[in-house]
Amino acid sequence: MDKLVIEGGTRLKGRVKVSGAKNGCLAIMPACLLAPGVYNLSNTPNLTDVWSMSRLLNAMGAHSELNGDNLFLDTRDVNSWEAPYEFVKTMRASFYVLGPLLARFGKAKVSLPGGCAWGPRPVDLHIKGLQKLGAEIEIENGYIVADATNLTGGRFNFDISSVGATGNVLMAAVKAKGSTLLTNAAIEPEITALARFLVKMGAKIDGIGTTQLEIEGVDELKAVDEEIVPDRIEAATFMIAAAMTKGDVELTNVNPYHLAAVIGRMEETGAEIDVNANTIRVTMNEDIQPVDSTTSVCPGIPTDVQAQWTAYMLFAKGTSKVIDNIYTDRFKHVPELQRLGADISVSDNTAIVKGGKSLSGAQVMSSDLRASASLILAGLVAEGRTEVLRVYHLDRGYENIEQKLSALGANIKREKANLV
Ligand code: UD1
C-alpha cells in the first residue's frame with residue numbers, strides 16, 4: 001500500500017495539464033453499451049475507477065484497452081446484463097450500467113451500491129425514474145432485478161437534482177418508445193457531455209444544458225468516438241493548491257465555464273485569476289481572505305470541492321464557514337486535518353474553519369477521494385513532513401498527482417507504507 005510523503009513549504013509555479021474528467025468518463029463508458037460497436041474515447045484519464053469500469057464492462061463481454069489517453073472500447077460481444085456486487089461495491093458509478101443494460105437487453109441485474117465513506121447514498125431516484133419508463137423493478141438479495149421488454153417514454157421529475165439518476169434514466173430514455181420529459185434534471189458538465197455524446201450516437205434530446213430534457217426515443221444508436229471533457233474537480237484542486245502556496249500556476253486543458261463558481265469564490269479570497277479559452281492562470285500574492293462556501297448543484301460550488309476548500313480556508317486570515325448541502329455528512333477529512341493542528345469544528349453540515357494558525361506535518365489517513373486531496377493540500381503548506389496514508393483513494397480520481405505537483409515544485413513523493 002502506498003503513501004505520499006510531502007515536505008511542506010514550497011511555492012507552486014509552472015504549468016500543469018488537467019486530465020479528462022473521471023466522472024465524465026464513468027458516465028460515457030456505460031453509454032457505450034447502448035449500441036454494440038467500437039468506440040475510441042480520447043482524453044481518458046488513467047485512473048483506478050476507469051480500470052474498474054473497464055473490468056466490469058469486460059466481465060459482461062466487452063473488450064477494452066487504454067493506450068495513453070485513448071480508451072478503446074468494443075461492446076459488440078457484450079452478452080451479460082449483470083453487474084455483480086464485487087464491482088459495484090468498489091465503485092458506485094458501476095450503477096450507471098443499469099439504464100443502458102435495460103435499453104439494450106430489456107433486462108438487468110445490478111447490485112445495490114450501499115453507502116459510502118461519508119454516509120448513505122440512495123438510488124431511489126434511479127429506480128423511480130426507470131419505473132416511469134415502464135421497467136419492473138424488484139430488489140432481490142441485494143440486487144436490483146429489472147425487466148422492461150418495452151421501455152416506453154414517460155414524464156419524470158427528479159425531486160432532488162441527481163447527477164447519477166439523471167444519467168441513468170437518460171440512457172434508458174433514449175431508446176424508449178415515444179417521448180420522455182425529464183424535469184429538474186442535473187446540469188453538471190459531465191451530464192451535459194453525456195447527453196451530447198448520446199446525440200452523436202443518434203439519440204434525440206432537446207434541452208441539453210437545461211434542467212428540462214425532452215427525449216424522443218430511437219430504435220438504433222451507433223458507435224462513435226468522443227473526447228472526454230476536462231476534469232473540473234482536478235482543476236479546482238490545482239487552482240486551490242496554487243493559491244494556498246502563494247504560487248503562480250497555469251492550468252491547461254480546462255473548460256473555464258465549468259469552473260465559474262470556483263473562480264468567483266477564489267477571486268474573493270484575493271487570488272488573481274486569468275481566464276482564456278482553455279487555460280486558467282492562478283496567482284496569489286496576498287494574504288488569503290476567509291470566504292464562506294456553500295456547496296450546491298451546478299452551477300454552484302461542487303460538493304467534490306468542499307474538502308479542498310476547507311483545507312484552503314485553514315490558511316486564510318480569519319474564520320469562514322464551509323457548508324455542504326449535497327452530502328451533509330461529508331466531513332471525514334476534518335479529524336485528519338485536526339491532526340495537523342487545524343482549528344475546525346463541525347456542526348451538522350457546516351464546518352467552522354478558524355484560519356491563520358500554522359499547521360505542522362503528521363501522518364494522516366485518507367478516507368475518501370476528495371478528503372485525500374484536502375490532506376495533500378494541507379500538507380503542501382504545513383511545516384515539516386506530512387504522510388498521507390491509503391492513497392488508493394486518491395488514485396481513483398487524480399491521475400499522476402504527485403508527478404504533476406512535483407513538476408510544479410512541490411516536495412512530494414510516493415513510498416511504500418506498511419500500514420493498511
Ligand atoms: C455524483 C458523482 C460524485 C459527486 C456527486 C455530487 C459520479 C460518478 N459521481 O455522484 O463524484 O460527489 O455526484 O456531485 O459522477 N440522491 C437521492 N436519491 C438518488 C440519488 C441521489 O436522494 O437516487 C441524493 C443524494 O443523496 C445527494 C443528491 O441526491 O444528496 C445528489 O446526488 P447525486 O448527484 O446523485 O450524486 P452521485 O450521482 O451519487
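Side chains included, hydrogens not; waters and symmetry mates left out as well; all remaining heavy atoms used. Positions are given from 1 along the sequence. Whatever order the structure lists them in is the order used to number ligands and atoms, beginning at 1.
Using a 4.0 angstrom heavy-atom cutoff, Leu26 does not count as in contact with ligand 1. Using a 4.0 Å heavy-atom cutoff, Ala186 is absent from the residues neighbouring ligand 1. In this structure, Pro302 does not count as a contact residue of ligand 1, since none of its heavy atoms falls inside 4.0 Å of the ligand.
At a 3.5 angstrom cut-off on N or O pairs, Ala93 does not count as close to ligand 1.
Those atoms of ligand 1 that come under 4.0 Å of a heavy atom in Arg330, given as number and element, are 12 (O). Atoms of ligand 1 lying under 4.0 Å from at least one heavy atom of Gly164, given by number and element, are 35 (O), 38 (O).
Checked for salt-bridge contact, Lys200 and Glu226 meet the test: a charged N lies under 4.0 Å from a carboxylate O. Salt-bridge check for Arg390 with Asp395: failed, with every basic side-chain N at 4.0 Å or more from each acidic carboxylate O.
No hydrogens or angles considered: nothing links the side chains of Thr48 and Tyr392 as a donor-acceptor pair under 3.5 Å.
Selection from Thr303, Asn168, Thr166, Asp159 by nearest heavy atom to atom 6 (C) of ligand 1 gives Thr303. Between Ala27, Gly167, Pro122, it is Pro122 that holds the heavy atom closest to atom 17 (C) of ligand 1. Proximity annotation for atom 28 (C) of ligand 1: of Ile160, Val305, Val297, Ile160 comes nearest, heavy atoms only. Selection from Leu125, Val163, Asp324, Asp49 by nearest heavy atom to atom 1 (C) of ligand 1 gives Val163. Around atom 9 (N) of ligand 1, the closest heavy atom drawn from Asn23, Val123, Ile127, Leu194 belongs to Asn23.
In Arg121, the part holding a heavy atom less than 4.0 Å from any atom of ligand 1 is the side chain.
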